[in-house]
Amino acid sequence: MTNDTLQASREWWSQRWLDLLDSYRFKKRLERARNYSRQGNVLSIEFKGAKVLARVQGSEAEPYKVSLSLDAFSDEEWGYVIETMSHKAVFAAKLLAGEMPQNMEEAFTTNGLSLFPFTLSDVHSKCSCPDKANPCKHVGAVYYQLGDRFSEDPFVLFQLRGRTKEQIISDLRKLRSAKVKATTPETSETQTPILSTQYSVKIGVFWQYHEPLESSLVVIAPSSSETVLDVLGAIPLAKAEENVVNLTSSDVVMKYLDTIYKEVSQKAVLAAMNVGAG
């Protein structure tokens, strides 16, 4: 697989972690570290609190011991972050599904914190090898391996900042349940039941209205001097030969529609005034 293919297959948080290491200027050392990671030279990785402890097989018979850690957030800082997370249900839902919400960093930056280290100097690492450079290829190999661990379990990244998966989920549940209780109104034991009155609807006469209109109401009839037909003008029909009364087919249609329009207008006025209701 090419580097582009690998990057496309990684989750964004895992790639974000590896991008920091890839910015390291000693590219040859990074290439050796990447090979160590791919070839299985990282024999073991375990967490001791917020610190990563690993054993990496190098050129010597005895594996080198590597430790890696970030600055853990204080209980107060984590309290602010969890409080921010609790306002969005999608955070808990995504994390429980093994995914990192796309905007998860906002929960940290809102409180003046950064989930990811800014530079490699923010990553505290040690190796028992004689190489004075830091990170050495053994530390780099562990760094790459952690990127894969983050893909499998995003909570590993939180653990480096001082909180385990169980702690985060537990704190989120407590805060969200407290918010639900606070917003649920207390019900009185002596509440009076609300009786709903049901009415039967007769569909056949639902739209009928037999009461006369108030005499004070004024019915304004539409003007018959100018209609929509007058505004639209003559119907664009093909002109026919004049008949005995010198009317074209267009004139005949317009005259007919004009009669219909006036009849409909008159009936509408009579219906509104409830005239002739049986």
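A side-chain donor-acceptor contact under 3.5 Å links Asn35 to the backbone of Glu31. Looking only at distances, a side-chain donor or acceptor of Arg161 sits under 3.5 Å from a matching main-chain atom of Asp71.
Salt bridge status for Arg55 with Glu46: absent, with no side-chain N to carboxylate O gap under 4.0 Å.
Between Trp78 and Asp171 the shortest side-chain heavy-atom distance does not fall below 4.5 Å. The closest side-chain heavy-atom distance from Val81 to Thr84 is not below 4.5 Å. Considering only heavy atoms from C-beta on, Val56 stays 4.5 Å or farther from Leu43 through its side chain. Side-chain atoms of Lys65 and Leu53, non-hydrogen and from C-beta on, never get closer than 4.5 Å to each other. Here the side chains of Tyr36 and Val42 are not in contact, with every heavy-atom distance at 4.5 Å or above. For the pair Lys137/Arg34, no side-chain contact is recorded, criterion being any heavy-atom separation below 4.5 Å from C-beta on.
Ring orientation note: the planes of Trp17 and Tyr143 are close to parallel, at an angle under 30° on the 30°/60° scale. Between Phe108 and Phe73, the ring planes are tilted. Angles from 30° to 60° get that label.
Trp12 has its ring centre no less than 6.0 Å from the ring centre of Phe150.
Cation-pi geometry between Arg16 and Phe116 is met: the NZ or CZ atom falls under 6.0 Å from the ring centre, inside 45° of the normal.
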(request) Start with the C-alpha gap between Arg149 and Asp153, add the side-chain angles, then the distance that decides, and say whether salt bridge (charged side-chain N to carboxylate O under 4.0 Å, His left out) holds. (result) CA-CA 6 Å; Arg149 292 289 184 96; Asp153 184 4; over 6 Å; no

